[in-house]
Each structure stands twice: as structure tokens, then as C-alpha cells.
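Some notes on the structure that comes next.
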Amino acid sequence: MAFATGMIRRAFSMSTTNQAVKHVTVIGGGLMGAGIAQVAAQTGHNVTVVDVSEDVLKKSKDSIKKSLERVAKKQNPEDEKARANFMTETMSRLSMNTNVEDVAKSTDLVIEAIVENLDIKKKLFSSIDSIAPEHTIFASNTSSIPIKEIASATKRLDRFGGLHFFNPVPVMKLVEVIRTPETSDTTFSTLAEFGKAMGKTTVEAKDTPGFIVNRLLVPYMMEAVRMLERGDASAKDIDTAMKLGAGYPMGPIQLSDYVGLDTCQFIVKGWHEKHPDNPLFNPCPLLDKLVSEGKLGMKSGEGFYKYNKL
Ligand SMILES: C[C@H](O)CC(=O)SCCNC(=O)CCNC(=O)[C@H](O)C(C)(C)COP(=O)(O)OP(=O)(O)OC[C@H]1O[C@@H](n2cnc3c(N)ncnc32)[C@H](O)[C@@H]1OP(=O)(O)O
Ligand SMILES: NC(=O)c1ccc[n+]([C@@H]2O[C@H](COP(=O)([O-])OP(=O)(O)OC[C@H]3O[C@@H](n4cnc5c(N)ncnc54)[C@H](O)[C@@H]3O)[C@@H](O)[C@H]2O)c1
């Protein structure tokens with residue numbers, strides 16, 4: 001009987017914990033942060049986006065609005081009033097702030113989506129660890145850095161995990177939930193429930209390089225860049241081949257531009273430094289050249305291809 005009561009209590013506390021993710025702080029309002037914030041607000045969460053300046057936050061808010069309009073149009077193509085209500089309600093759950101310490105004081109979940117750099121991520125988490133409430137869970141959206149290394153900047157190893165979303169967040173249906181050996185069961189289930197509450201399918205991934213998707217996808221993208229570098233095929237033909245011959249929605253060269261060439265470079269460089277003997281993680285001189293020229297892909301207007309500036 002005592003056992004059964006304990007089970008019930010545990011189940012109850014688990015479900016209240018899950019419902020307790022009401023306020024989400026998204027740090028970094030760029031490509032990924034804006035998408036994460038948008039979908040979290042769309043699914044009924046109160047969200048604050050934090051970034052380095054008002055200017056960046058304005059751009060972030062504008063891009064969220066634009067993307068929401070696409071979603072509203074899709075949901076209610078014939079009903080203008082319903083579209084307007086959806087926009088107003090979602091935007092009312094969204095706020096912007098440049099002061100991370102202020103926001104961290106009262107939030108249930110922090111999702112970090114800043115630049116792919118371990119030292120900068122550690123500095124950020126360390127600055128809010130003593131400010132955030134005890135119950136607050138920290139998560140990183142890193143593409144490639146071990147969650148354990150980022151978490152080491154804090155004293156809440158049991159309340160730290162990975163939530164890895166995919167670009168474009170409003171469209172891609174997956175979230176990888178990453179646990180380290182220290183991530184508690186409650187933290188893991190709260191993160192997985194949150195992913196589901198955002199309308200995503202979740203998979204559990206270990207804290208290994210690239211988790212599941214990137215461990216397979218990034219070497220494939222870099223092999224395509226190496227193929228281009230060798231002059232074996234043109235960028236356009238590589239992309240056409242993989243779209244029509246393998247059923248991918250985008251070819252690997254176009255996808256590299258879409259992800260951001262700087263982000264791709266950070267990923268490969270980090271893995272190569274840690275695993276220099278793995279040829280799949282070898283640097284790509286062509287990628288490095290484009291990044292050094294400021295050609296970062298779609299977001300900068302040029303990468304392997306040229307784009308109309310966003
Ligand atoms: C590296 C990281 O750590 C991990 C990653 O993120 S790896 C990258 C993962 N992402 C991918 O692999 C993306 C592959 N590409 C795709 O799936 C598709 O090309 C794409 C969804 C991006 C665009 O699709 P495409 O058909 O070419 O263009 P488009 O017609 O504009 O969009 C398709 C639908 O998505 C919607 N959409 C696209 N981007 C959107 C956005 N930002 N916000 C809201 N809706 C969006 C469109 O409204 C459209 O909806 P509809 O079909 O109902 O009309
Ligand atoms: N681009 C992708 O396809 C993709 C997909 C999944 C995960 N990720 C990961 O998500 C993270 C963000 O990537 P992104 O593509 O959105 O980058 P991005 O460059 O588009 O955006 C990063 C944002 O973080 C802000 N920022 C930087 N330092 C900050 C700080 N200390 N405090 C607050 N804001 C800060 C920047 O001003 C910028 O707006 C990275 O870790 C990346 O690896 C990227």
C-alpha cells in the first residue's frame with residue numbers, strides 16, 4: 001500500500017513538474033532561437049527571448065512575425081479574423097529582453113541557442129546559475145558540443161540536458177532530447193514532455209558527438225563539399241542528384257548554406273580537434289575559405305550559392 005501511494009505521489013509530482021514549464025527563456029534570437037521561441041509561444045508557453053541588443057531583438061521579432069504569418073495562413077487560409085486572433089494571441093505570449101539576469105530570476109526552462117562556442121556558452125550558463133530558481137532546467141540547443149562540457153559551468157548537473165531542434169523549427173518535426181550521465185530522470189522527462197507539448201516528436205540521444213542526426217548528416221554534407229572541391233561534380237548537380245536520386249528535400253550543398261557555413265565550420269572544427277584520426281571529421285578548405293570571406297550561406301546572402309538578402 002505504502003509502495004502504491006509512493007508511486008501515485010511520484011506520478012503526480014512528475015505530471016505537475018511537466019506542467020510546470022510555463023515560462024521559457026530562449027537565449028539567442030537568431031535562426032534557431034527565433035524558431036524555438038515562435039513554436040513555444042504558438043503552443044501556449046510564455047516566452048522571453050534574450051539577445052545582445054535591441055536591434056538584434058527587433059530583427060528576431062520581425063522574423064518570428066513573418067514565420068507566424070505563414071503558419072496562420074496555412075491554418076486558416078479562408079478566415080482572416082482567426083488569423084489575426086492567432087497572431088495577436090501568440091505575440092502576446094512573447095517578450096524580448098537584453099538583460100539575461102533579470103529574465104533568469106523567474107523562469108522554468110532556459111533554452112540556449114547562441115553561437116556554437118563552448119567558452120561563450122559556459123560563460124553564459126555560469127552567469128545565470130546562481131540567479132535562476134532551484135527548479136529551473138537548463139538546456140542547450142548545441143549542434144555538436146558535448147552537453148556535459150557546457151553543463152560543467154553550473155552546479156545543476158542533474159537539471160541540465162540537451163534540446164536539439166532542427167532548422168526551420170516551425171516545420172521540422174523532431175527534437176532530440178539529450179541526457180548526460182548526470183541528467184536526472186525528472187529533468188529528462190520534463191524536457192521530453194516539453195518537446196511533445198511543442199508538437200514535436202522526441203527521440204532520446206546520448207551525449208555523443210552530433211547526437212543522432214548530426215553524426216550522420218554533417219559527415220554527409222562535408223563529403224558533398226569535398227566532392228565539389230575535387231571537381232567531381234558541380235554544386236547544382238550534387239544537389240539535384242541527392243534530391244531526385246535519394247529523396248532529400250534539399251541537396252547537401254544547399255543544406256550547408258541553409259544551416260549556415262559558420263555553424264558547419266564550428267561543428268567540423270570542434271570534432272576534428274577532439275577526434276583527429278576520424279577522416280569523416282576532416283576540415284574542408286573550401287568551406288573555410290567561404291567563411292573567411294564572410295560568405296556564411298543563406299543568412300549572409302551568399303555561400304555556395306547567392307541569395308536575395310533576407
Ligand atoms: C545543423 C543543426 O544542428 C541541425 C539541423 O537543423 S540540420 C537541417 C535540418 N533541416 C533540413 O534538413 C531541411 C531540409 N529542407 C526542407 O525540409 C525543405 O526544403 C524546407 C521545409 C526548408 C522548405 O521546403 P520547400 O518545399 O522547399 O519550400 P516552401 O514551399 O517554402 O516550404 C514548405 C512548407 O514549409 C513552410 N515553411 C518553410 N519555412 C518556414 C518557416 N520558417 N516558418 C514557417 N513555415 C515555414 C512553408 O509555409 C510551406 O508550407 P506549405 O507546404 O503548407 O505551403
Ligand atoms: N543553424 C542551424 O541549422 C542549427 C540547427 C540546430 C542547432 N543549431 C545550434 O543552435 C545555436 C544557434 O545557432 P543559430 O544558427 O541560431 O545561430 P545565429 O548566429 O543565427 O544566432 C545566434 C544568436 O545568438 C546571439 N548571441 C550570441 N551570444 C550571445 C549571448 N552571450 N547572449 C545572448 N545572445 C547571444 C547572437 O546575437 C545571435 O542573434 C548554435 O549552438 C548552433 O550550433 C543550429
Side-chain angles (χ1 to χ4, degrees), residues 25-39 42 48-61 63-75 77 96-101 103-104 110-128 139-145 147 150 162-176 178 209-218 220-222 239 242-243 247-252 254-268 270 296-300 310:
T25 299
V26 179
I27 309 182
L31 205 55
M32 293 305 291
I36 296 167
Q38 176 197 326
V39 180
Q42 246 173 262
T48 305
V49 181
V50 177
D51 211 305
V52 291
S53 71
E54 296 292 348
D55 225 34
V56 180
L57 284 173
K58 187 182 175 307
K59 276 190 198 130
S60 183
K61 198 170 183 176
S63 91
I64 292 174
K65 253 193 196 152
K66 231 184 197 168
S67 176
L68 265 180
E69 273 158 13
R70 290 173 86 164
V71 176
K73 220 176 211 170
K74 197 149 72 178
Q75 283 180 355
M96 305 276 158
N97 203 314
T98 50
N99 190 329
V100 72
E101 279 92 1
V103 183
V110 172
I111 304 175
E112 168 274 311
I114 67 170
V115 63
E116 188 74 343
N117 178 301
L118 176 62
D119 290 338
I120 301 177
K121 285 185 195 287
K122 279 175 77 172
K123 198 168 157 215
L124 171 72
F125 278 117
S126 149
S127 75
I128 56 171
S140 174
N141 181 52
T142 176
S143 300
S144 64
I145 300 173
I147 301 294
I150 306 172
L163 274 179
H164 185 223
F165 291 84
F166 295 85
N167 180 28
V169 182
V171 180
M172 303 303 280
K173 296 187 174 71
L174 186 72
V175 181
E176 291 175 322
I178 300 115
F211 318 123
I212 300 173
V213 173
N214 284 349
R215 180 64 179 77
L216 300 171
L217 189 64
V218 175
Y220 151 72
M221 283 153 60
M222 292 306 107
D239 283 343
M242 292 313 288
K243 277 196 283 189
Y248 284 75
M250 262 180 191
Q254 188 190 1
L255 185 58
S256 303
D257 272 357
Y258 193 67
V259 165
L261 301 189
D262 52 341
T263 300
C264 293
Q265 188 193 42
F266 276 130
I267 297 173
V268 183
L296 307 182
M298 218 176 210
K299 65 182 167 188
S300 72
L310 296 177

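The first residue in the sequence is number 1, and the count goes up from there. Order of appearance sets the numbers: ligands from 1, and atoms from 1 within every ligand.
The shortest heavy-atom distance from Gly260 to ligand 2 is not under 4.0 Å. Taking a 4.0 Å cut-off on heavy atoms, Lys121 registers as neighbouring ligand 2.
Less than 4.0 angstrom separates some heavy atom of Val171 from each of these atoms of ligand 1: 21 (C), 35 (O), 36 (C), 37 (N), 38 (C), 39 (N), 40 (C), 45 (N), 46 (C). Residue Leu31 approaches ligand 2 through these ligand atoms, each under 4.0 Å from one of its heavy atoms: 1 (N), 15 (O), 16 (O), 20 (O). Contact atoms of ligand 1 toward Phe166: 4 (C), 5 (C), 6 (O) (distance under 4.0 Å to a heavy atom of the residue). Remark: ligand 1 atoms within the under-4.0 Å shell around heavy atoms of Asn167 are 6 (O), 8 (C), 9 (C), 10 (N), 11 (C), 13 (C). In summary, the atoms of ligand 1 found under 4.0 Å from a heavy atom of Tyr258, numbered by their order in the structure, are 22 (C). Near Leu217, meaning under 4.0 Å from one of its heavy atoms, ligand 1 places the atoms 7 (S). Close approach to Ser143 involves these atoms of ligand 1, each under 4.0 Å from a residue heavy atom: 2 (C), 3 (O). Less than 4.0 angstrom separates some heavy atom of His164 from each of these atoms of ligand 1: 2 (C), 3 (O), 4 (C). Of all atoms in ligand 2, listed by their number and element, those nearer than 4.0 Å to a heavy atom of Gly30 are 16 (O), 20 (O), 21 (O), 23 (C), 39 (O). The ligand atoms of ligand 2 that sit less than 4.0 angstrom from a heavy atom of His164 are 6 (C), 7 (C).
Closest to atom 19 (O) of ligand 2 among all protein heavy atoms lies Lys299 NZ, 3.8 Å. At the top of the distance list for atom 10 (O) of ligand 2, counting protein heavy atoms only, stands Asn141 ND2, 3.0 Å. Among all non-hydrogen protein atoms, the one lying nearest atom 42 (C) of ligand 2 is Ser143 OG, 3.4 Å. In this structure, atom 41 (O) of ligand 2 lies nearest to the protein heavy atom Glu116 OE1, 2.5 Å. In terms of protein heavy atoms, atom 50 (O) of ligand 1 is closest to Lys74 NZ, 3.2 Å. Of the protein's heavy atoms, Met250 CE, 5.0 Å lies nearest to atom 23 (C) of ligand 1. From the protein, the heavy atom lying nearest to atom 41 (C) of ligand 1 is Ser67 OG, 3.6 Å. Atom 6 (C) of ligand 2 has as its closest protein heavy atom Phe165 O, 3.2 Å. Considering only non-hydrogen protein atoms, atom 13 (O) of ligand 2 sits nearest to Met32 CG, 4.0 Å. Nearest protein heavy-atom contact of atom 12 (O) of ligand 1 is Leu255 CD1, 3.6 Å. In terms of protein heavy-atom proximity, atom 28 (N) of ligand 2 is closest to Ile114 CB, 3.8 Å. Among all protein heavy atoms, the one lying closest to atom 18 (C) of ligand 1 is Pro249 CB, 4.0 Å. For atom 3 (O) of ligand 2, the nearest non-hydrogen atom of the protein is Asn167 CB, 3.3 Å.
Within a 4.0 Å radius of atom 27 (O) of ligand 1, the protein has no heavy atom. Distances from atom 10 (N) of ligand 1 to the protein include at least one heavy-atom value under 4.0 Å. Proximity of atom 17 (O) of ligand 2 to the protein is not indicated, since no non-hydrogen protein atom lies closer than 4.0 angstrom. Within 4.0 Å of atom 46 (C) of ligand 1, at least one protein heavy atom is present. For atom 30 (O) of ligand 1, the nearest protein heavy atom is 4.0 Å or more away.
Residue Asp51 places at least one N or O, backbone or side chain, under 3.5 Å from an N or O of ligand 2. Of the polar atoms of Val259, at least one N or O is found under 3.5 Å from an N or O of ligand 2, judged by distance alone. Between Glu112 and ligand 2, no pair of N/O atoms sits closer than 3.5 Å. The shortest N or O to N or O distance between Asn214 and ligand 1 is below 3.5 Å.
Neither the backbone nor the side chain of Thr263 comes within 4.0 Å of ligand 1, counting heavy atoms alone.
The number of heavy atoms from other shown groups lying within 6.0 Å of NZ (Lys121) is above 12.
When the options Gln75, Lys66, Arg70 are ranked by their closest heavy atom to atom 32 (O) of ligand 1, first place goes to Arg70. For the residues Pro168, Ala113, Gly297, Gly28, the heavy atom positioned nearest atom 22 (C) of ligand 2 is part of Ala113.
Looking only at distances, a side-chain donor or acceptor of Glu176 sits under 3.5 Å from a matching main-chain atom of Ile212.
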